[in-house]
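Bear in mind that the values here come from a model prediction, so they are computed numbers and not experimental data. First listed ligand is number 1; within each ligand, the first listed atom is number 1.
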Amino acid sequence: MFESLSDRLGNVFDSLRGRGALKEDEVRAAMREVRIALLEADVALPVVRRFIDKVTEAAIGQEVLRSVTPGQQVVKIVNDALVEMLGGEDGAAQAKLDLEAKPPVIVMMVGLQGSGKTTSTAKIAKRLKETEGKKVLMASLDVNRPAAQEQLAVLGEQAGVATLPIIAGQQPVEIANRAMQAAKLQSFDVLMLDTAGRLHVDEALMAEMKAVAAVATPKEVLLVVDALTGQDAVNVAQSFTGEVPLTGVVLTRMDGDARGGAALSMRAVTGKPIKFAGTGEKLDAIEPFVPSRVANRILG
Ligand code: GDP
């Protein structure tokens, strides 16, 4: 469907055959192709601009290695810069949740409605239980969407993870307090709070989220974003970043045909590591985020 960046760059460097340094005009011509590739991968425009500036500067004047063509060399420079921007080679280490605190350690999930927040809450809880032997309690603070709390209870049953019993009429902060008390009394290691999502970022949602964060003082605050959000990812990231102390990002629907550009945008805007990638609807469909894999996907 897409022409790969290596193919695109073949033409730009026709004249220069594996010798000498990368010249400014060639690098700039190459960067026009890189720009198109990034936009096609749905990286947000301001992030594309920043990235191109950085890479242009790094590339001009670089000696071309004997073993590669200039086009391949530029692809490598771009690829390395992408991997670095996405979290570096040790991305897997950063992907781990920081649960070093007195239990129950609180993990708060935030994001827009439909991003996959509730599903990701259950996926991460199941993973913590199965791979780290943690005793996890989940609580839904979503009192706006009908049946949101029930949805988490159903997922909890499927995942074999406990959920806080539902009491009709309670408000998010009350539920958070009750969940914290229950988690303490019943010696849970981790408490996951699934906050309400809205269709759009709005002030009431932000105020509610801040109130919950203030009482729960979560160790991790994960922003859940749909990888198919593309250009919109920047707006979502920006509005959440200013309001709650994010510690990481969960990128869902990486099983779809998203080219992965949202990953770069999220990372650039939040400055926080992408910790997990959601790869399907099933509760096992979540993996630690691997920067190099996503860089390949963005470059096509
Ligand atoms: P929320 O409104 O943000 O809590 O979203 P939900 O967790 O209810 O998810 C909305 C829909 O997206 C559900 O049908 C999920 O099964 C689906 N979903 C969530 N994560 C993924 C993912 O990584 N891949 C795919 N294909 N579907 C997902």
Side-chain angles (χ1 to χ4, degrees), residues 42 86 95 97 107-128 130 136-159 161 163-164 166 172 175-176 179 191-202 204-206 208-209 212-213 218 220-230 232-233 235-237 239-240 243-244 246 248-263 265-267 270 274-290 293-294 297:
D42 245 347
L86 287 167
L97 293 182
V107 178
M108 193 170 147
M109 309 290 284
V110 303
L112 297 185
Q113 186 174 316
S115 57
K117 191 166 35 60
T118 303
T119 313
S120 299
T121 304
K123 285 177 176 179
I124 293 172
K126 184 169 192 278
R127 200 182 148 84
L128 288 175
E130 289 173 359
V136 186
L137 177 67
M138 303 191 288
S140 167
L141 310 186
D142 189 346
V143 296
N144 300 295
R145 187 159 62 94
Q149 298 186 72
E150 286 79 3
Q151 183 195 351
L152 188 67
V154 170
L155 291 174
E157 243 165 67
Q158 288 170 9
V161 174
T163 49
L164 187 75
I166 299 167
I175 303 175
L191 168 62
M192 299 200 59
L193 298 176
D194 181 19
T195 63
R198 302 283 162 82
L199 287 177
H200 302 284
V201 174
D202 67 43
L205 163 77
M206 290 301 175
E208 181 183 298
M209 235 171 34
V212 170
E220 290 272 3
V221 180
L222 303 179
L223 173 61
V224 181
V225 188
D226 181 346
L228 299 168
T229 322
D232 222 24
N235 298 336
V236 175
S239 43
F240 278 89
E243 303 289 339
V244 278
L246 296 180
V249 175
V250 179
L251 208 57
T252 62
R253 297 207 177 83
M254 286 298 280
D255 50 310
D257 56 8
R259 297 285 307 283
S265 305
M266 295 309 293
R267 177 74 210 210
T270 64
I274 299 165
K275 301 220 171 191
F276 295 104
T279 55
E281 299 202 20
K282 297 226 168 70
L283 293 180
D284 287 323
I286 190 161
E287 14 186 274
F289 179 78
V290 182
R293 216 183 284 162
V294 177
R297 194 157 158 169

Quiz prompt | Close-range residues for ligand 1, whose non-hydrogen atoms fall below the 4.0 Å threshold | solution =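 Only L112, Q113, G114, S115, G116, K117, T118, T119, K123, R145, Q151, T252, R253, D255, G278, T279, G280, E281 have heavy atoms that fall under 4.0 Å of ligand 1, ordered by chain and number.
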
Quiz prompt | R293 with E287: basic N within carboxylate O range, under 4.0 Å | solution =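 So R293 pairs with E287 through a salt bridge.
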
Quiz item: Going by heavy atoms in the side chains, are T252 and T119 under 4.5 Å from each other?
Solution: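 No - every pair of side-chain heavy atoms lies 4.5 Å or more apart.
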
Exercise. List in chain and number order the residues that pass side-chain contact (heavy atoms from CB on, under 4.5 Å) with R127, two or more places apart in sequence or in another chain; answer none if no residue qualifies.
Key: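 side-chain contact (heavy atoms from CB on, under 4.5 Å) list for R127, sorted by chain: T131, F276, I286, P288.
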
Exercise. Could you pull out all residues at least two apart from T163 that satisfy side-chain contact (heavy atoms from CB on, under 4.5 Å)?
Key: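 Expected list: M138, L152, A153.
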
Self-check item: T118 side chain to D194 side chain, donor-acceptor N/O pair below 3.5 angstrom
Solution: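 Note: T118 and D194 side chains meet the donor-acceptor criterion.
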
Quiz prompt | side-chain hydrogen bond (donor to acceptor under 3.5 Å, both in side chains) involving Q151 - partner list, sequence neighbours excluded | solution =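 Per chain and number, Q151 pairs via side-chain hydrogen bond (donor to acceptor under 3.5 Å, both in side chains) with R145.
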
